[in-house]
Amino acid sequence: MKSLKIIGGNHLSGDVIIDGAKNSALPIIAASLLCEESVLSNIPNITDVLKMLDILKIIGCEYKIKNKKVIINSSGLKSNVLDNSLISDIRGSYYLMGVLINIFDSLTINYPGGCKIGDRPINFHLDGFKQLGIEVKEEENQIQISKKEILGGKITLPKSSVGATINLIFASVKCKGVTVIENASIEPEVEDVISFLNLMGAKISWIDNKVVEIRGVTKLNNVEFKIKPDRIEAGTYAVIGALFGEVRLFNVNIHDMKSTLNVLEELGCEISYNDNILKIKRKELKKVDIVTNPYPGFPTDLQQPFTVVLTKVGGSVTDNIFNNRFSNCLEINKMNGDIAISDDSISIKPTKLKGTKVKANNLRGGMSLVLAGLIAEGETTVENIEIIERGYPNFINKLLKLGAKII
Ligand code: EPU
């Protein structure tokens with residue numbers, strides 16, 4: 001288990017270059033199997049991406065990665081036997097079901113891994129597959145899927161789900177007919193995946209609010225694609241501006257970040273944007289009540305980093321997406337935080353945080369502990385930082401460049 005030590009109280013300011021979106025990159029890398037060669041740029045340097053690429057390599061693909069660009073060649077794809085320990089290690093591995101069932105007639109795969117942030121079933125994925133004509137059998141820790149033909153069909157998701165929307169689009173992209181998904185997720189990462197597939201020759205379009213139609217095609221072509229900026233990484237570093245006074249973020253798409261910027265303004269920050277550069281300048285911090293919801297609502301992935309700002313001014317967070325995404329607050333309380341947790345919400349009273357030893361239990365929560373360490377009095381040790389490296393590219397270097405004292 002790796003840990004880092006932060007000497008709190010140093011002033012942070014300056015510029016951060018935002019990388020490509022993790023939650024676009026993972027499905028797009030998986031979908032690269034649908035053509036012979038794809039060239040993907042703005043790939044984030046994170047361990048989840050490297051693990052996904054390794055999963056592809058084991059089934060016969062080759063890849064070269066350099067300077068945030070990866071070239072994936074799938075012409076050697078020969079096997080449907082997956083490395084199940086890697087599959088169980090990352091969440092995005094479930095996308096291989098929707099992709100590989102286009103290529104092989106059957107597949108056995110472990111349940112996916114990912115952060116422990118509450119119940120994360122995949123029943124919408126599997127029920128949706130069945131409606132497309134795919135046979136699904138669940139065993140103890142494995143899923144078997146098989147098909148004769150993927151027919152297409154009409155699916156209404158009981159609740160908007162990013163993963164299920166993308167997986168069902170993947171499974172439908174070469175179907176015999178037409179698939180319509182109602183109550184689909186409209187997160188920017190879903191849009192990015194659709195842009196990628198359409199560039200390959202897929203026929204996917206929005207036909208109504210949260211209704212997406214996929215007309216099956218017979219072939220998908222080679223493609224070059226740039227992953228969109230990570231709105232969650234940008235929102236996390238925007239917190240530095242709210243905590244310390246000012247930060248500039250490069251390579252940002254603010255159109256994906258409206259709800260995040262609204263909360264920053266409510267918190268008392270001034271926002272300016274020009275040429276993909278977002279500047280956050282804090283005026284006077286104010287108490288805020290944050291509520292997470294599916295896009296265009298405030299993202300669940302940002303409530304943990306934003307909680308650190310609320311330790312200064314107070315407020316509350318209600319998470320309407322995941323039912324157990326507050327374990328970071330137990331750690332922040334060890335640092336003299338005063339956060340009361342009840343079911344799907346927390347209430348935060350302002351306190352001065354003090355350094356101590358804490359443990360990162362999930363990606364965004366882990367990053368919130370690092371942010372807490374930066375404003376705490378004294379020394380904070382954050383254990384298990386591997387979990388942060390899963391989704392925040394080069395985060396230690398980015399923080400050092402802003403002036404953080406990290407050992
Ligand atoms: N849900 C079900 N059944 C399903 C699928 C989802 O009940 O079959 C429920 C979930 O339990 C949750 C809600 O539906 O209450 C939404 O979950 P969703 O499927 O949208 O989440 P996900 O696909 O598992 C992705 C991201 C998460 C992000 C969420 C919400 C990836 C690999 N993960 O997860 O990212 O929080 O969407 O936006 O894309 C992160 O980056 O730290 C992270 C956790």
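Side chains included, hydrogens not; waters and symmetry mates left out as well; all remaining heavy atoms used. For the single chain, residues carry numbers from 1 onward in sequence order. Indexing begins at 1, ligand by ligand and atom by atom, following the structure's order.
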Within ligand 1, which atoms have a heavy atom of Asp119 less than 4.0 Å away? 11 (O)

In ligand 1, the atoms that come under 4.0 Å of a heavy atom of His125 are 8 (O)

Nearest option to atom 4 (C) of ligand 1, as decided by whichever heavy atom of Ser93, Pro121, Ser161 sits closest: Pro121

Give the minimum heavy-atom separation between Asn222 and Glu36, together with the two atoms involved. OD1-N, 3.1 Å

Begin from the C-alpha positions of Thr300 and Arg325 and carry the test side chain to side chain donor-acceptor pair (under 3.5 Å) through to its verdict. CA-CA 9 Å; Thr300 169; Arg325 208 170 193 178; 2.7 Å; yes

Between the main-chain N or O of Ser85 and the side-chain N or O of Ser88, is there a donor-acceptor pair closer than 3.5 Å? no

Relative to the heavy atoms of Leu363, which atoms of ligand 1 are at a distance of less than 4.0 Å? 42 (O)

Does Tyr94 come within less than 4.0 angstrom of ligand 1, counting non-hydrogen atoms of the residue? yes

Can you give me the closest heavy-atom contact between Asp192 and Ile28, atom names plus distance? O-CD1, 3.9 Å

Are any side-chain N or O atoms of Asn324 and backbone N or O atoms of Lys116, one a donor and one an acceptor, separated by less than 3.5 Å? no

Tell me whether Ile117 reaches ligand 1 (any heavy atom closer than 4.0 angstrom to a ligand atom). yes

Sub-4.0 Å atoms of ligand 1 with respect to non-hydrogen atoms of Asp301: 28 (C), 35 (O), 36 (O), 40 (C), 41 (O), 42 (O), 43 (C), 44 (C)

Applying the side-chain contact (heavy atoms from CB on, under 4.5 Å) criterion to Phe306, which one of Thr260, Thr292, Val288 satisfies it? Thr260

Part of Asn323 with heavy atoms under 4.0 Å of ligand 1, whether side chain, backbone, both or neither: neither

Could you list the atoms of ligand 1 found under 4.0 angstrom from a heavy atom of Ile321? 12 (C), 15 (O), 16 (C)

Once you restrict to heavy atoms under 4.0 Å, what part of Arg325 touches ligand 1? Side chain, backbone, both or neither. side chain

Relative to Phe322, does Arg120 satisfy both conditions: NZ or CZ under 6.0 angstrom from the six-membered ring centre, and within 45 degrees of the ring's axis? yes

Region of Asn123 engaging ligand 1 - heavy atom pairs below 4.0 Å: both

Ligand-residue contact atoms, ligand 1 with Gly163, heavy atoms, under 4.0 Å: 19 (O), 23 (O)

Met367: heavy atom below 4.0 Å from ligand 1, yes or no? no

Geometric N/O contact Thr300 with ligand 1, under 3.5 angstrom: no

May I ask whether Ser185 places a heavy atom under 4.0 Å from ligand 1? no

Can a donor-acceptor pair be found, under 3.5 Å and without considering hydrogens, that links the side chain of Arg248 to the backbone of Ile280? no

Which part of Lys22 is near ligand 1, with near meaning a heavy atom under 4.0 Å away: side chain, backbone, both or neither? side chain

Would you check the N or O atoms of Phe322, main chain and side chain alike, for any that come under 3.5 Å of an N or O of ligand 1? no

Counting heavy atoms only, which part of Val162 comes closer than 4.0 Å to ligand 1: side chain, backbone, both or neither? both

